[in-house]
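All heavy atoms count here, side chains included; hydrogens, waters and symmetry mates do not.
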Amino acid sequence: MAEVKSDIAIARAAKKKPILEIGARLGIPAEQMVPYGHDKAKISAEFIKSVQKNKDGKLILVTAINPTPAGEGKTTTTVGLGDGLNRIGKKAIICIREASLGPNFGMKGGAAGGGYAQVVPMDDMNLHFTGDFHAITTAHNLLSALIDNHIYWGNELGIDTRRVTWRRVMDMNDRALREIVCSLGGVANGYPREAGFDITVASEVMAILCLARDLKDLEKRLGDIIIAYRRDKSPVFARDVKAHRAMAVLLKDAIQPNLVQTLENNPAFVHGGPFANIAHGCNSVMATTTALKLADYVVTEAGFGADLGAEKFFDIKCRKAGLKPAAAVIVATVRAMKMNGGVKKEDLGAENVEAVKKGCPNLGRHIENVHQFGVPVVVAINHFHSDTEAEIKALQDFVKELGAEAVLCKHWAHGSAGIEELAHKVVQLAESGASQFAPLYPDDMPLFEKVNTIVQRIYRGSEAIADKSVRDQLHTWEQAGYGNLPVCMAKTQYSFSTDPNLRGAPTGHTVPVREVRLSAGAGFVVVICGEIMTMPGLPSKPSSENIFLNEDGNIEGLS
């Protein structure tokens, strides 16, 4: 068998074109791009404004089954499909999220795709890229510093230091910082209080950047952030400590979408990066809406399984940005079906048709759920060399019984040539006019009822359960005028339940709500379920152990 190259070796051998040339293919003048080297650039706000009257292309969502250690390849399929659509003569752009340093050096790896379906420069994208995450982290922590500074200099706003809700962030997995006590060391350092850190991708500033339509909207949303409460429970906003304008200054470049290219020199917007298990999991509205003005097809992804990423894409991003997806692709693998069917990771190489059949209900649940939003679905079987014809047929037969089609895709090994059939199927679905998209619940539904709707219709649980304090908090927010906001469920990505080990398609489980947070600037309520953490920890053997510079000064170990 031929040697299989690593993702980073394939990316390093890419024949990249100058980024100004990629932009020119989209009709973006050189003077409307801000190059970061030769292979990445930001698109100016002036150009984005100039194309707003263009007709919109078709929006295609790529989502997946619940992730397993066997691997699914959602980003890889997103990139491959974008290349495939261009290969069959369609003008297509892909829109994906930026990578967080936390999972890069932790366990999950990067976010640039894989094999011969990647976005480049892969190493830059998975590290500091154009500095967007650093800007978001800095803007967030500027607000943190201004809050404590305001309290130090007399607390004119009457902030109750026991009710400061704004935590700090950093773009790294560090469980030691989840809960801290700050301002220790005496009078000169301020008033000691409990605080904590979240990972940057869980920051409300990240969500705001990804949902804002322009700089003016960004600044307003930043001002709407609730940072604390007074003793009478009245809210204190970021604008009250005069933070929002300076925060917008720090984000003025970060809000501009980043243009890069695939291995096949097709355009890709890579912008924003909220996680889907603890945040809303979609790339920026500015990147997606701009791409729709420049291409016939825009292929975007939503994080983790469809129960998290797709639900939030539909109920939060599409609702707020007025987007109407034309079709959805659900990525699955034979290996993942076998894991859902009870096979251990070390035994996945052996043929096991019965395990595939046993694991398919997880995929079936996701197909049914996406159909609930009125969006037509095709399944992409991301091919592994160990897959057998009998296993593939079992998966395809299952999908056919649900009135959908499963297409075998070999883009990881063959790039666009391996995904042409899926590209044609996506065009067929998108052009059929079959999409009758609608969110799962109306704006005016009570907040806890929205939570229950997602639990019962998407997770197929019996109900959400919460302490009276959580229900009272939601009711208080409704009375304050926030009842029309969507909810953003923070839950394990590995299961429809809150138990990460409960695979397949469970039903009848309860979903415990541990905490709720109001993201008034972003425009949603975060509902934290089960044991999910907004600051992840590192595994016993983090990926950082295998990342190093080789003798030529090139990075090894990124994936």
Side-chain angles (χ1 to χ4, degrees), residues 133-172 174-209 218-251 278-279 469-470 472-474 476-477 479-482 514-526 528 533-535:
F133 278 28
H134 299 306
I136 291 164
T137 302
T138 304
H140 182 114
N141 290 333
L142 169 64
L143 178 54
S144 299
L146 290 172
I147 293 166
D148 285 312
N149 187 62
H150 179 87
I151 294 169
Y152 177 83
W153 289 108
N155 196 6
E156 183 182 338
L157 292 169
I159 294 171
D160 184 346
T161 55
R162 300 166 303 173
R163 294 189 173 96
V164 176
T165 57
W166 192 249
R167 294 158 61 87
R168 286 167 164 82
V169 297
M170 64 182 296
D171 190 28
M172 195 56 64
D174 193 346
R175 63 173 58 84
L177 293 177
R178 284 174 184 159
E179 304 294 337
I180 65 168
V181 178
C182 64
S183 301
L184 297 177
V187 174
N189 294 339
Y191 296 86
R193 64 178 182 85
E194 290 185 44
F197 275 78
D198 294 327
I199 191 167
T200 295
V201 290
S203 166
E204 185 177 352
V205 177
M206 173 69 80
I208 287 171
L209 182 108
L218 175 81
E219 186 175 304
K220 179 194 177 299
R221 288 172 177 270
L222 292 170
D224 289 342
I225 293 171
I226 293 176
I227 57 173
Y229 293 88
R230 300 177 179 86
R231 287 181 179 269
D232 64 3
K233 306 288 184 67
S234 61
V236 182
F237 297 91
R239 58 176 175 268
D240 295 332
V241 293
K242 301 178 177 61
H244 57 303
R245 289 178 296 183
M247 292 169 73
V249 167
L250 287 170
L251 297 169
I278 54 179
S469 60
V470 170
D472 288 347
Q473 180 64 81
L474 293 174
T476 299
W477 289 335
Q479 291 181 316
Y482 296 107
R514 192 177 86 240
E515 180 187 350
V516 287
R517 299 179 184 177
L518 174 57
S519 295
F524 53 67
V525 173
V526 180
I528 301 175
M533 296 290 179
T534 51
M535 168 56 88

Notebook entry, point to check: So N155 and Y191, side-chain contact (heavy atoms from CB on, under 4.5 Å) or not? Walk me through it.
Noted result: CA-CA 11 Å; N155 196 6; Y191 296 86; over 6 Å; no
Could you tell me if the side chain of [Y] sits less than 4.5 Å from the side chain of [X], heavy atoms only?
X    : Y    : answer
F237 : I227 : no
I199 : M170 : no
R193 : I180 : no
V164 : I147 : yes
M533 : R178 : yes
I159 : Y229 : no
L222 : L251 : yes
M535 : R175 : no

Next item on the list: Under the ring pair (Phe, Tyr, Trp, His ring centres under 6.0 Å) rule, collect the residues that match up with H140, sequence neighbours excluded.
Entry: W166
Compare every heavy atom of [Y] with every heavy atom of [X], then report the nearest pair and how far apart it is.
X    : Y    : answer
Y152 : V187 : CE1-O, 3.4 Å
V201 : M206 : O-CG, 4.0 Å
S203 : V169 : CB-CG1, 4.0 Å
N189 : L184 : ND2-O, 2.9 Å
T534 : A202 : O-CB, 4.0 Å
V205 : I225 : CG2-CD1, 4.4 Å

Can you tell me how far [atom2] of [Y] sits from [atom1] of [X], rounded to the nearest 0.5 angstrom?
X    : Y    : atom1 : atom2 : result
M172 : L177 : CE    : CG    : 11.5 Å
S519 : I226 : OG    : CD1   : 9.5 Å
F197 : N141 : CZ    : CG    : 6.0 Å
S469 : E515 : OG    : CD    : 10.0 Å
K242 : R245 : NZ    : CZ    : 8.0 Å

All side chain to side chain contact (heavy atoms under 4.5 Å, CB included) counterparts of [X], not counting sequence neighbours:
X    : result
S234 : R230, D232
R167 : E179, D198, R517
L142 : L146, A246, M247, L250

Checklist line | Intermediate values then yes/no, side-chain contact (heavy atoms from CB on, under 4.5 Å), V516 and V526 | finding: CA-CA 6 Å; V516 287; V526 180; over 6 Å; no
Notebook entry, point to check: Counting N and O atoms only, with roles assigned by atom type, does the side chain of E204 sit under 3.5 Å from a partner on the main chain of G521, one being a donor and the other an acceptor?
Noted result: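 Judged by distance alone, yes, a pair lies under 3.5 Å.
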Note to self: Tell me whether D171 contacts the main-chain N or O of F133 through its side chain, where contact means a donor paired with an acceptor under 3.5 Å.
What the structure shows: no
Item checked: side-chain contact (heavy atoms from CB on, under 4.5 Å) evaluation trace for T161 with I151 -> CA-CA 8 Å; T161 55; I151 294 169; 3.8 Å; yes
Note to self: R163: which residues meet the side-chain hydrogen bond (donor to acceptor under 3.5 Å, both in side chains) condition with it, sequence neighbours left out?
What the structure shows: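 Result, side-chain hydrogen bond (donor to acceptor under 3.5 Å, both in side chains) vs R163: D160.
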Check: With R231, which residues qualify under side-chain hydrogen bond (donor to acceptor under 3.5 Å, both in side chains), at least two apart?
Finding: none
Next item on the list: Kindly check if the number of other-residue, nucleotide or ligand heavy atoms within 6.0 Å of CD (Q479) is above 12?
Entry: yes
